[in-house]
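See structure below.
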Amino acid sequence: MLSYRHSYHAGNYADVLKHTVVVSILDYLLQKDKLFCYLDTHSGCGAYQLNSEQSLKTGEFKDGIAKLWGQKNLPAPLSRYMEQVIAFNGMDKLNSYPGSPMICNQMRRDDDRMFLFELHPNEFTNMRGNFSGDRRIKMANTDGLQGLIANMPPKERRGLVLIDPSYEIKTEYEEVVESLIAAHRRFATGTYALWYPVVKRAVINKMERALKASGIKNIQLFELGITADSEEHGMTASGMIVINPPWTLLREMQQSLPFLAEILGLDAQGHYRVETLVAE
């Protein structure tokens with residue numbers, strides 16, 4: 001069941017949405033001097049080459065980050081996200097793409113800690129090579145949802161938890177909600193960002209209902225689609241559900257998502273959602 005490799009999908013439109021949200025949250029956390037903790041339950045290897053065999057096989061980055069590369073007059077949140085992608089490339093040409101852990105590593109301060117979990121053995125080996133030698137980065141080749149619960153609450157008492165499984169296993173939709181609820185019981189003030197793919201809308205609707213019924217307050221949803229919902233196989237949209245979002249995040253996504261829907265949508269079918277699922 002460990003067939004998923006993010007190298008086939010790095011830099012696609014789902015990554016653009018996910019990492020725009022992640023950068024906005026990290027920017028907010030960095031406004032205060034107090035340290036924070038970042039925990040990624042499904043880290044991948046953290047760095048991807050867009051000229052690799054896997055990336056070129058799907059070409060998904062061409063309808064994602066490649067369409068933003070070189071764009072002028074971006075909304076401010078997208079501009080800050082692109083700064084991280086440009087910094088990772090270190091040159092004028094788009095050759096590589098930073099995963100979520102790499103983006104956090106670029107942005108964090110020296111004493112902000114990171115916990116990275118990855119179950120795929122090859123991905124973990126590559127991740128360890130990308131992040132070795134830093135005692136503030138803890139890496140484990142284990143189930144990230146179990147690692148999440150075991151490490152809550154962090155000693156910093158502030159931070160970001162990113163949950164973005166591949167959803168290869170159907171039960172993961174329920175498991176991520178259960179893990180979120182359990183982690184929130186231990187660390188109620190943390191910010192949690194849950195990524196999801198829209199393959200079957202009914203599955204996402206069920207997940208939203210479960211979170212609404214959980215008793216957790218202050219939940220927002222941000223979704224970007226490039227084509228209309230379909231009953232055919234394949235992802236047509238993806239989203240981020242954020243618990244305890246920065247107060248600035250809703251406005252920033254209201255600025256960013258209409259732009260992304262227009263630029264990244266296929267055949268003028270781009271669409272988006274910016275919603276408060278549960279108020280504070």
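Numbers here simply count residues along the sequence, with the first being 1. Computed from a predicted model, the values in this text were never measured in an experiment.
- Side chain of Glu123 to backbone of Gly44: no donor-acceptor contact under 3.5 angstrom is found.
- Hydrophobic cluster membership is shared by Trp195 and Met253, with clusters built from Ile, Leu, Val, Met, Phe, Trp and Tyr side chains linked at under 4.5 angstrom.
- Ion pairing between Arg136 and Asp134 holds under the 4.0 Å rule for side-chain N and carboxylate O.
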Task: Trace of the side chain to side chain contact (heavy atoms under 4.5 Å, CB included) decision for Val23 with Met107 - done: CA-CA 8 Å; Val23 169; Met107 297 179 68; 4.0 Å; yes
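- Between Thr191 and Asn244, the side chains place no donor N or O within less than 3.5 Å of an acceptor N or O (distance only, hydrogens not considered).
- Using a 4.5 Å heavy-atom threshold, the side chains of Tyr81 and Val21 count as separate.
- Remark: the backbone N or O of Leu277 is not paired with any side-chain donor or acceptor of Glu275 at under 3.5 angstrom.
- Between Leu180 and Val161, every side-chain heavy-atom pair lies at or beyond the 4.5 Å cut-off.
- A heavy-atom distance below 4.5 Å is found between the side chains of Leu221 and Tyr196.
- Put simply, the side chain of His271 never gets that close to the backbone of Leu224: no donor and acceptor are under 3.5 Å apart.
- Between Ile149 and Ala182, the closest heavy-atom pair is CD1-CB, 3.6 Å.
- Annotation: the span from Ser43 atom OG to Asn130 atom CG amounts to 11.5 Å, rounded to 0.5 Å.
- A distance of 11.5 Å separates CD of Glu60 from CG of Leu50, quoted to the nearest 0.5 Å.
- You'll find the side chain of Tyr167 reaches within 4.5 Å of the side chain of Val176, heavy atoms only.
- Clustering ILVMFWY residues whenever any of their side-chain heavy atoms sit less than 4.5 angstrom apart, transitively, puts Tyr38 in a cluster other than the one holding Leu35.
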Open item on the list: Between Leu145 and Ile163, does the side chain to side chain contact (heavy atoms under 4.5 Å, CB included) criterion hold? Intermediate values first, please.
Closed with: CA-CA 8 Å; Leu145 296 180; Ile163 304 174; 4.0 Å; yes
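- Taking the six-membered ring where tryptophan is involved, the planes of Tyr48 and His6 are perpendicular, since the angle between them exceeds 60° and thus also 30°.
- Counting heavy atoms from C-beta outward, Asp40 and Asp164 have side chains that approach closer than 4.5 Å.
- A salt bridge between Arg108 and Glu156 is absent, with no side-chain N of the basic residue lying under 4.0 Å from a carboxylate O of the acidic one.
- Of the possible donor and acceptor atoms, one in the side chain of Thr125 sits under 3.5 Å from a partner among the backbone N and O of Pro121.
- Looking at Glu223, its side chain never comes within 3.5 Å of a backbone N or O of Gly239 through a donor-acceptor pair.
- More than 12 heavy atoms of other shown residues, nucleotides or ligands fall within 6.0 angstrom of atom CD in Gln254.
- Contact annotation: the side chain of Asn218 approaches that of Pro245 to within less than 4.5 Å [non-hydrogen atoms, C-beta and beyond].
- Using a 4.5 Å heavy-atom threshold, the side chains of Arg113 and Lys138 count as separate.
- A heavy-atom distance below 4.5 Å is found between the side chains of Ser24 and Arg80.
- For Tyr272, the OH atom is loosely surrounded, since the number of other residues' heavy atoms within 6.0 Å does not exceed 12.
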- [ ] Evaluate the side chain to side chain contact (heavy atoms under 4.5 Å, CB included) criterion for residues Leu249 and Tyr28: first the C-alpha distance (whole Å), next the side-chain angles of each, then the deciding distance (0.1 Å), finally the verdict.
- [x] CA-CA 9 Å; Leu249 188 60; Tyr28 185 82; over 6 Å; no
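- Under a cut-off of 6.0 angstrom, the local environment of NZ in Lys67 is crowded, with over 12 non-hydrogen atoms contributed by other residues, nucleotides or ligands.
- The backbone N or O of Ala183 lies less than 3.5 Å from a partner atom in the side chain of Tyr192, making a donor-acceptor pair.
- Connection of Val274 to Phe259 is established within a shared hydrophobic cluster, with ILVMFWY side chains joined at heavy-atom distances below 4.5 Å, either directly or through further cluster members.
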